[in-house]
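Lettering follows sequence order; numbering is per chain, from 1. Just the heavy atoms: all of them, side chains too, but no hydrogens, waters or symmetry mates, feed the values below.
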Amino acid sequence: MAIKLFDSLKREIRELSPSHPDGVFRFYNCGPTVYAPAHIGNFRTFVINDVLRRLLELELGPDRVKHVRNLTDVDDRTIGQSKKEGHPLGQITKKWTDKFHEDCAALNCLRPHVEPTATGHIPEQVNMIEVLMQKGNAYRAPDGSVYFKIASFPDYGALSRIKERELKVTNSAFDADHKDDVGDFALWKAYKPEDDGEVQWPGPQGASAGRPGWHIECSAMIKKHLGETIDLHTGGVDLLFPHHENEIAQSQCCNGTTFARHWYHSEHLLVDGTTMSKSKGNYYTLGDLVAKGYSPMAVRYALLMGHPRKQLNFTLDSLHAAESALASLRAFRATLPATGGDPGVFAAEFEALNNDLNTPAALGALFTVVNTKGLVVHAAAFDRVMFALGLDLNAVAAKTAAPAAITALADQRWAAKKAKDFTAADALRKELTAAGWSMLDRKDGYSLEPLKK
RNA sequence: GGCGCGGUAGCCAAGUGGUAAGGCCGAGCUCUGCAAAAGCUCUAUGCGCCGGUUCAAUUCCGGCCCGCGCCUCCA
């Protein structure tokens, strides 16, 4: 069953397929900038891409997919954070890269096969810029920076339909003074002592020392790790323009061949009905949600509850729903026999996923199976669905340890109950409730959980 | 101003030219000393509004209202 996915460039749903003779599918997903903890909007994109990676593996085989996701470790924000904290750039980016990996692991995202960094590919970027300068697609600005000349690439704007847009006239235009055209973008930024601190590298031939512009890192790293033509390039919608538009321009002008055969962009997450943004401050990190008592797996589930190409309004209620849904799946899984059953019962789930990554439809179909009485489900078939969605049912929210005073009350109540002194037991339960704890009795003992609001 | 997306039950959210998946919440029941958990059952004559096409529209077309996003370094 071929995987079909919307192509942002051709604007239609198309089948994914490897194009290289080795049969390896080349998949590049634009990664995070490592200067702060990623927020759940970022993770929506990475979780969606993780499902895509899993589907590709199921479709083509684990050894026939090469997944690359970069780490942007030098740009205005990373440098800004470095200056703010007074620590070297590398120390800052290491810290947030580690945190990013920790969060990804908690969300059960498969590790990409390669996670290249911008600072680890300076020569590759410089080389690419030099080629672009030689070919006449780039020019040196008076300050020693290098810009890409969009007028030199007739296809510029195909992805974002920039020519059909009437650009709002804005001030902004940082570096505008040095550009030939406002649409030209920086390939190399000349060193500015007041802004860049210690961060600089020797520049391309004829340019000043400095650092690469943002867009070039992806072009250079893709070329190095995946080749001149890749099978799929993905990211959040916000990257469509200018980032991906610029990547196409750089790569195609430099390499003279198709850059990416398929483009896919996932929509943004909304919180409280509006897009998350650092400037608005209405965002959650994974840590924020875990601190509220939700499990990372519930976060993952909640991120899959909406269609990836549609904005999803994220709420804490949806996390609660996700937590309950996971508990149902967990309970259902426990009832499955190890053998027997129809392996084909989950066809609808895969059909939904393979049809433009319709995760909510897949989850709906999943529960239809779960709710169908008398259906004999093969455990392995169920596990395959869980793998595709990346839902680890064994991952449970870390239990909050009860304070000693609470444990003492619980022990008293347990003893009272054993002694059939129900009046005392009930009184103690009330005390526990008043203290914000719920005591869950079992046959052989009890557990304590913080009271849900 | 330009480009694009969306409005489906209390909340979240699929979907289709032939009469509305699923999750949460809520209600009832079963089961448990109580509580929780678990299980069972129920919950939109309706898909923003107004027209049109059609035997038939939530689904197609037109208009309108509302919301959201992007428009040069935010996934």
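To the nearest whole angstrom, the two C1' atoms, one in B/A14 and one in B/G6, are 15 Å apart. As rounded to the nearest Å, B/G46 and B/A9 have P atoms that lie 12 Å from one another. Rounded to whole Å, the P atom of B/G15 lies 14 Å from the corresponding atom of B/U8. As rounded to the nearest Å, B/G10 and B/C50 have C1' atoms that lie 27 Å from one another. Here, B/A13 and B/G69 have their P atoms 15 Å apart, quoted to the whole Å. The separation of B/U59 from B/C49, taken at their P atoms, amounts to 10 Å, rounded to a whole angstrom. On the P atoms, B/C60 is 13 Å away from B/C5, given to the nearest whole Å. Distance check on atom P: B/C47 versus B/G7 gives 13 Å, rounded to whole Å.
Remark: A/His268 is not in phosphate contact with B/C68, judged by side-chain N or O atoms under 4.0 Å from OP1 or OP2. One finds a side-chain N or O of A/Lys310 lying less than 4.0 angstrom from the OP1 or OP2 phosphate oxygen of B/G7. Distances shown here put a side-chain N or O of A/Arg77 below 4.0 Å from the OP1 or OP2 atom of B/C74. Between A/Asn371 and B/G23 there is a side-chain N or O to OP1 or OP2 distance below 4.0 Å.
A donor and an acceptor atom never sit less than 3.5 Å apart when one is taken from the side chain of A/Asp238 and the other from the base of B/G69. A donor and an acceptor atom never sit less than 3.5 Å apart when one is taken from the side chain of A/Arg161 and the other from the base of B/C3. Between the side chain of A/Arg44 and the base of B/A75, no donor-acceptor pair under 3.5 Å is found.
Between A/Asp75 and A/Arg77, at least one side-chain N (NZ, or NE/NH1/NH2) sits under 4.0 Å from a carboxylate O, which counts as a salt bridge.
The residue A/Gly41 sits close to a base: some heavy atom pair falls under 4.0 Å. Within the nucleic acid shown, A/Asn49 has no heavy atom closer than 4.0 Å to any nucleic acid atom. Within 4.0 Å (heavy atoms only), A/Gly183 reaches at least one base atom of the nucleic acid.
Between A/His243 and A/Trp214, the angle of the ring planes stays under 30°, which puts this pair in the parallel group of the 30/60° scheme. Aromatic ring pairs are classed by plane angle as parallel below 30°, tilted from 30° to 60° and perpendicular above 60°; the pair A/His265 and A/Trp263 is parallel.
The base-pairing partner of B/G22, taking Watson-Crick or G-U wobble contacts with both distances under 3.5 Å, is B/C12. Taking a pair to require two hydrogen-bonding distances under 3.5 Å in either a Watson-Crick or a G-U wobble arrangement, B/A38 pairs with B/U30. Base pairing annotation: B/C49 forms a Watson-Crick or G-U wobble pair with B/G63, both donor-acceptor distances under 3.5 Å.
Counted within 6.0 Å of NZ on A/Lys10, heavy atoms from surrounding residues, nucleotides or ligands total more than 12; the atom is thus considered enclosed.
With B/C24, B/G23, B/A13 as the choices, the nucleotide that has an atom nearest any side-chain atom of A/Ser324 turns out to be B/C24.
Ring-base stacking between A/Phe367 and B/G22 is not satisfied when judged by a centre separation under 5.5 Å and a plane angle under 30°.
A/Glu247 and A/Ser219 share no donor-acceptor pair across their side chains, judged by distance under 3.5 Å alone.
If A/Lys373 and A/His307 are placed on RNA chain B by their nearest nucleotide, the residue sitting closer to the 5' end is A/His307. Residue whose closest nucleotide on RNA chain B sits further toward the 5' end, between A/Leu239 and A/Gly364: A/Gly364.
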